[in-house]
Amino acid sequence: MKYSDKLNKSKDLRELIESLEDGDDIVVGYGKDYKGDTKTYKVKSYRRNKEGEKMYSIWDSFRGMNIEKLGKTTMKAYDYNMMSQKTTYTFPLYKMSIIK
């Protein structure tokens, strides 16, 4: 897949995420579970500080990761475990689908 194709496939989802207001969320599909069904994730938007800086997080059924950067074709996420070990993951926007 060419970079221009990735940009075009990612555009709608990226714009939808950027349009979320404080407390809003959307459900996206990405990857497969052990049954072969599409896994669902909830992308949430919130305000971190008084200046109104917009932040995002992505959640499965019980775990969440903060979004460090929302790029043109990817979304970089991170979290810390109980031992203060940082875990990162890059979600490709062009492989995600909007569920609701």
Side-chain angles (χ1 to χ4, degrees):
M1 179 179 278
K2 291 185 203 176
Y3 182 69
S4 60
D5 296 333
K6 292 178 183 180
L7 279 174
N8 290 334
K9 276 193 93 168
S10 303
K11 182 181 178 189
D12 291 338
L13 179 58
R14 186 181 70 249
E15 288 176 352
L16 181 59
I17 292 171
E18 289 173 342
S19 72
L20 293 174
E21 294 297 323
D22 186 26
D24 289 347
D25 59 56
I26 59 167
V27 178
V28 296
Y30 172 69
K32 303 284 183 193
D33 64 8
Y34 66 95
K35 293 180 186 175
D37 298 330
T38 301
K39 288 184 186 178
T40 58
Y41 296 89
K42 189 176 281 191
V43 178
K44 297 181 179 183
S45 173
Y46 58 96
R47 303 262 182 227
R48 175 182 272 188
N49 55 24
K50 292 179 183 176
E51 290 80 34
E53 179 183 6
K54 196 184 287 190
M55 304 300 293
Y56 307 101
S57 60
I58 186 166
W59 292 80
D60 64 5
S61 57
F62 61 94
R63 290 181 304 221
M65 296 182 89
N66 294 316
I67 303 300
E68 184 174 357
K69 180 181 177 188
L70 182 61
K72 293 183 185 241
T73 61
T74 59
M75 186 168 47
K76 297 185 188 269
Y78 70 93
D79 72 347
Y80 289 93
N81 66 13
M82 292 187 326
M83 302 301 289
S84 299
Q85 194 73 20
K86 185 176 183 179
T87 302
T88 61
Y89 189 80
T90 302
F91 290 92
L93 295 174
Y94 52 90
K95 290 186 179 180
M96 295 178 129
S97 59
I98 302 167
I99 300 204
K100 62 176 177 170

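Everything numeric in this text was worked out from a predicted model, so none of it was measured. We number each residue from 1, following the sequence as shown.
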For this session: Would you give the length of the straight line joining atom OG1 of T73 to atom CZ of R14, rounded to the nearest 0.5 angstrom?
Result: 8.5 Å
Problem set entry | Whichever hydrophobic residues join I26 through chains of side-chain contacts under 4.5 Å | L13, L16, I17, L20, V28, Y30, Y41, V43, Y56, I58, M65, I67, L70, M75, Y89, F91, L93, M96, I98
Seminar exercise, completed: Members sharing W59's hydrophobic cluster, built from side-chain contacts under 4.5 Å between Ile, Leu, Val, Met, Phe, Trp and Tyr, are none
Seminar exercise, completed: Sorted by chain and residue number, the side-chain contact (heavy atoms from CB on, under 4.5 Å) partners of M1 (sequence neighbours excluded) come out as D5, K6, K9, Y94
For this session: Sequence neighbours left out, what passes salt bridge (charged side-chain N to carboxylate O under 4.0 Å, His left out) with D12? Give chain and number order.
Result: none
Seminar exercise, completed: Sorted by chain and residue number, the side-chain hydrogen bond (donor to acceptor under 3.5 Å, both in side chains) partners of E53 (sequence neighbours excluded) come out as N49
Exercise. Between CG of D25 and OG of S45, what distance do you get to the nearest 0.5 Å?
Worked result: 9.5 Å
Exercise. If you link I, L, V, M, F, W and Y whenever their side-chain heavy atoms are under 4.5 Å apart, who else ends up in the same group as Y46?
Worked result: M55
Exercise. Quick one: salt bridge (charged side-chain N to carboxylate O under 4.0 Å, His left out) partners of E21, sequence neighbours excluded?
Worked result: R47
Problem set entry | Test side-chain contact (heavy atoms from CB on, under 4.5 Å) applied to T88 - qualifying residues, sequence neighbours left out | Y78, K86
For this session: Enumerate the residue pairs fulfilling salt bridge (Lys or Arg N to Asp or Glu O under 4.0 Å) with a member in residues 26-46, sequence neighbours excluded, ordered by first and then second residue.
Result: none
For this session: Quick one: which residue pairs count as a salt bridge (Lys or Arg N to Asp or Glu O under 4.0 Å) with a foot in residues 63-85, not counting sequence neighbours?
Result: D60-R63
